[in-house]
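One structure is given here, and the rest of the page talks about it.
Just follow the structure's listing: the first ligand is 1, and inside any ligand the first atom is 1. Values in this document were obtained by computation on a predicted structure and should not be read as measured data.
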Amino acid sequence: MPTAFITGVTGQDGSYLAELLLDKGYRVIGMVRRSSTVNFERIAHVQDRIEFVNADLLDEVSIIEALRETEPDEVYNLAAQSFVQTSFGQPVLTGETTALGVTRMLDAIRIVDPSIRFYQASSSEMFGKVAEVPQRESTPFHPRSPYGVAKVYGHWITVNYRESYGLHASSGILFNHESPRRGLEFVTRKISHAAAKIALGRADELRLGNLDAQRDWGFAGDYVDAMWRMLQQDSPDDYVVCTGESHSVREFVDLAFKRVNLDYDDYVVVDERFFRPAEVDLLIGDSTKAEDVLGWQRRTGFDALVADMVDADIALLEGKLRAIS
Ligand code: NAP
Ligand code: G4F
C-alpha cells in the first residue's frame with residue numbers, strides 16, 4: 001500500500017485528492033497546521049481514514065519531522081495562500097507560503113528521502129498577461145499578482161530541484177477549477193452561493209468586480225486525477241491541465257441565476273472594491289500534452305459545473321446538506 005502525503009488536505013483540492021487516493025488503496029497522510037478550531041468541513045466524510053500530522057509550510061523543521069515520521073512515497077504540495085485578491089494585501093505572507101513554502105517542502109524531501117515523488121500545485125495565474133492564446137507548457141510567464149509571482153517561484157524551484165538533485169518533482173499548471181467545496185471568496189462560489197440565497201429570499205443583491213474577465217473553468221474532482229497521473233510517470237515533467245474553453249464572469253453569473261429562474265441584471269451590483277490592481281483578463285489553456293502523455297481527460301462541462309454548484313448551495317442553505325462534501 002503506497003503512502004501519500006498531502007499538504008493543503010483541508011482545502012478544496014486536498015479533499016478531492018484524499019478521496020481519490022483512498023479509493024485507490026493509498027495510506028493517506030494529511031498535513032495540517034495548528035488552528036484554534038477544527039476546519040475539517042471538506043474532509044469530514046473521510047476524516048477517519050486519513051492520518052493527520054502537524055506541520056506548517058512556514059516551518060521547515062516541522063515538515064522534516066512530519067516526513068520522517070510518516071515515510072511517504074508521494075508528496076502532493078497543495079498548501080498555499082491561494083486567493084489572488086489577498087495576495088495584494090499580504091504579499092510577504094503570500095511569498096513566504098506560496099513561494100518559499102515550496103522550497104521548504106523540496107528541501108525536506110532532499111534531506112529525508114530524495115526518492116519521494118513530488119507534485120507542485122502550479123497555476124495558470126503564472127501566465128498572467130498572456131503571451132499567446134491558448135496557453136501551453138512552453139508559454140512564457142508574466143504574472144500579474146503577488147500570488148502569480150510566488151507561483152512562478154514555486155514552479156521554477158521545483159524544476160531546479162529536479163535538475164539539481166534528480167528529484168522526481170513534477171509541476172501541474174492547473175487552470176481554474178471549481179466545485180461546491182470552493183472557498184466562498186472565489187468568484188464562482190460567491191456567485192453560486194449568492195444565487196441560492198437570493199432564490200431562497202435570504203439576500204437581495206450580489207456585489208462583484210470585473211464581469212468581463214475570462215477563465216478556463218473546470219471541475220476540481222476531474223483535476224486531482226491529473227495530479228496522481230503525473231506522479232505515476234517514469235520521469236517527472238510539467239503539464240498544463242485545463243478544459244480548453246473560456247467563459248466570462250458575466251456568463252457564469254448569467255447561467256447561475258438562470259438555474260434559479262432569475263435575471264442576474266436585477267441583482268448584480270458592480271463594486272470597485274472587487275477590482276484588482278492588475279488583472280488577468282483572459283485564460284484559456286491547451287492540455288494536449290496531459291491528454292497524450294498522461295491519458296487525462298476532463299469529464300465535467302461548464303454548464304454542468306455551474307448547475308452542480310448552484311444546486312449544492314441551495315441544498316446547503318435549505319439544511320439538506322450539513323456540509324459540502
Ligand atoms: P484552498 O482551498 O485555498 O486550500 C489551501 C490549503 O492550504 C488549505 O488546506 C490551507 O489550510 C493550506 N495552507 C495555507 N497556508 C498553509 C501553511 N502555512 N501551512 C500549511 N498549510 C497551509 O486551495 P485549493 O483551491 O484547494 O488549491 C490547492 C492548490 O492549488 C493551491 O496551491 C492553489 O494555489 C493551487 N491552484 C489552485 C487552482 C484552483 O483553481 N483551485 C488553480 C491552480 C492552482 P487551512 O485549511 O488551515 O487554511
Ligand atoms: O475566482 P477568482 O478569485 O480566481 P482567480 O483570481 O482566477 O484565481 C484562482 O485561479 C487561479 C488559477 O488561474 C489559482 F491559481 C488561484 O489559486 C485561484 O484558485 O477570480 C476570477 C476572476 C478574476 O478575474 C476576478 O477579477 O473573477 C473576477 N471577479 C469579478 N468579481 C471576482 C469578483 N473575483 C472574486 N474573487 N470576487 C469578485 O467579486
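Less than 4.0 angstrom separates some heavy atom of Gln12 from each of these atoms of ligand 1: 2 (O), 25 (O), 26 (O), 41 (N). The distance from ligand 1 to the heavy atoms of Asn39 drops below 4.0 Å at these ligand atoms: 45 (P), 46 (O), 47 (O). Each of the following atoms of ligand 2 lies closer than 4.0 Å to a heavy atom of Val84: 6 (O), 8 (O). Listed by number with element, the atoms of ligand 2 under 4.0 angstrom from any heavy atom of Ser124 are 12 (C), 13 (O). Each of the following atoms of ligand 1 lies closer than 4.0 Å to a heavy atom of Arg182: 25 (O), 39 (C), 40 (O), 41 (N). Of all atoms in ligand 2, listed by their number and element, those nearer than 4.0 Å to a heavy atom of Ala213 are 24 (O). Annotation for ligand 2: atoms under 4.0 Å from non-hydrogen atoms of Gly209 are 30 (C), 31 (N), 33 (C), 39 (O). Shown in contact with Leu283 at under 4.0 Å from a heavy atom are these atoms of ligand 2, numbered in order with element: 13 (O). For ligand 2, the atoms lying closer than 4.0 Å to a non-hydrogen atom of Phe274 are 39 (O).
Here the protein heavy atom with the shortest distance to atom 12 (C) of ligand 1 is Ala79 CB, 3.8 Å. Nearest protein heavy-atom contact of atom 23 (O) of ligand 1 is Ser82 OG, 3.5 Å. For atom 28 (C) of ligand 1, the nearest non-hydrogen atom of the protein is Leu78 O, 3.3 Å. Regarding atom 30 (O) of ligand 1, its nearest protein heavy-atom neighbour is Ala121 CB, 3.4 Å. Taking atom 36 (N) of ligand 2 as the reference point, the nearest protein heavy-atom neighbour is Glu185 O, 3.0 Å. Among all non-hydrogen protein atoms, the one lying nearest atom 44 (C) of ligand 1 is Ser122 O, 3.4 Å. For atom 26 (O) of ligand 2, the closest non-hydrogen atom on the protein side is Glu279 OE2, 2.6 Å. Remark: minimum distance from atom 5 (C) of ligand 1 to any protein heavy atom is reached at Ala80 O, 3.8 Å. Annotation: atom 4 (O) of ligand 1 to nearest protein heavy atom, Gly11 CA, 3.4 Å. For atom 4 (O) of ligand 2, the nearest non-hydrogen atom of the protein is Asn176 ND2, 3.7 Å. For atom 48 (O) of ligand 1, the closest non-hydrogen atom of the protein is Arg33 NH2, 2.8 Å.
Residues Ser122 and Ser171 have side chains that bring a donor and an acceptor to within less than 3.5 angstrom of each other. His177 and Asp222 form no side-chain donor-acceptor contact under 3.5 Å, judged by distance and modelled atom types alone. In the model, Thr98 has no side-chain atom that pairs as donor or acceptor with a side-chain atom of Gln81 under 3.5 Å. A donor-acceptor contact closer than 3.5 angstrom links the side chains of Glu291 and Ser287. Side-chain atoms of Tyr161 and Asp107 include a donor-acceptor pair closer than 3.5 Å. Counting only N and O atoms by type, the side chains of Ser192 and Asp313 include a donor and acceptor under 3.5 Å apart. Under 3.5 Å, the side chains of Glu74 and Gln232 contain a donor-acceptor pair of N or O atoms.
Checked against the 6.0 Å centroid criterion, the rings of Tyr76 and Phe5 do not qualify as a close aromatic pair. Ring to ring, Phe52 and Phe40 are close: their centroids are under 6.0 angstrom apart. The six-membered or imidazole ring of Tyr119 lies away from that of Trp228, with a centre-to-centre distance of 6.0 Å or more.
Looking at Phe83 against ligand 2, only its side chain comes within 4.0 Å, counting heavy atoms. When non-hydrogen atoms are compared, ligand 2 lies under 4.0 Å from neither the backbone nor the side chain of Asp271. Contacts between Glu125 and ligand 1 below 4.0 angstrom, taking non-hydrogen atoms only, are absent altogether.
The closest non-hydrogen atom to atom 11 (O) of ligand 1, taken over Val9, Leu174, Thr10, comes from Thr10. For atom 11 (C) of ligand 2, the nearest non-hydrogen atom from the set Ser123, Ala80, Ser122 comes from Ser123. The closest non-hydrogen atom to atom 19 (N) of ligand 1, taken over Thr97, Thr86, Leu57, comes from Leu57. When the heavy-atom distances from atom 21 (C) of ligand 2 to Ile173, Leu174, Val187 are ranked, the shortest goes to Val187. Looking at Phe175, Tyr76, Tyr147, it is Tyr147 that brings a heavy atom closest to atom 36 (N) of ligand 1. Closest to atom 2 (P) of ligand 2 by heavy atom, among Arg276, Arg215, Lys190, Gln85, is Arg276. Selection from Gly148, Ser87, Ser82 by nearest heavy atom to atom 16 (C) of ligand 2 gives Ser82. Nearest-heavy-atom check against atom 17 (C) of ligand 1 across Asp56, Val224, Asp216 picks out Asp56.
Salt bridge annotation for Asp59-Arg34: absent, with no cationic side-chain nitrogen under 4.0 angstrom from a carboxylate oxygen. Taking the charged nitrogens against the carboxylate oxygens, Arg49 and Glu19 have no contact shorter than 4.0 Å, which rules out a salt bridge.
Geometrically, ligand 1 and Asn176 share no nitrogen or oxygen pair separated by less than 3.5 Å. Residue His177 has at least one N or O atom closer than 3.5 Å to an N or O atom of ligand 1. Distances between N or O atoms of Gln81 and those of ligand 1 include no value under 3.5 Å. For Asn77, no nitrogen or oxygen atom sits less than 3.5 Å from a nitrogen or oxygen atom of ligand 1, counting backbone and side chain alike. For the pair Ser123 and ligand 1, the shortest N or O to N or O distance does not fall below 3.5 Å.
The minimum heavy-atom distance between Tyr223 and Asp216, with the atom names listed, is OH-OD1, 4.4 Å. Ala199 and Ile314 get closest at one heavy-atom pair: CB-CD1, 4.3 Å. In this structure, Thr97 and Leu57 approach most closely via the heavy-atom pair O-CD1, 3.6 Å.
Residue contacts with ligand 2: Arg182 is included, with a non-hydrogen atom under 4.0 Å away. Residue contact check for ligand 2: Tyr147 places a non-hydrogen atom closer than 4.0 Å to it.
Just one of Glu178, Glu279, Glu245 meets the salt bridge (Lys or Arg N to Asp or Glu O under 4.0 Å) condition when paired with Arg215; it is Glu279.
In the hydrophobic cluster analysis, where Ile, Leu, Val, Met, Phe, Trp and Tyr join through side-chain heavy atoms closer than 4.5 angstrom, Leu282 is grouped together with Phe175.
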Residues Arg117, Asp73; criterion salt bridge (Lys or Arg N to Asp or Glu O under 4.0 Å); working and verdict: CA-CA 6 Å; Arg117 295 185 173 200; Asp73 303 293; over 6 Å; no
Salt bridge (Lys or Arg N to Asp or Glu O under 4.0 Å) between Asp237 and Lys289, worked out: CA-CA 10 Å; Asp237 208 341; Lys289 181 176 171 186; 3.2 Å; yes
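Using a 4.5 Å cut-off on side-chain heavy atoms (C-beta onward), Leu305 and Met309 make contact.
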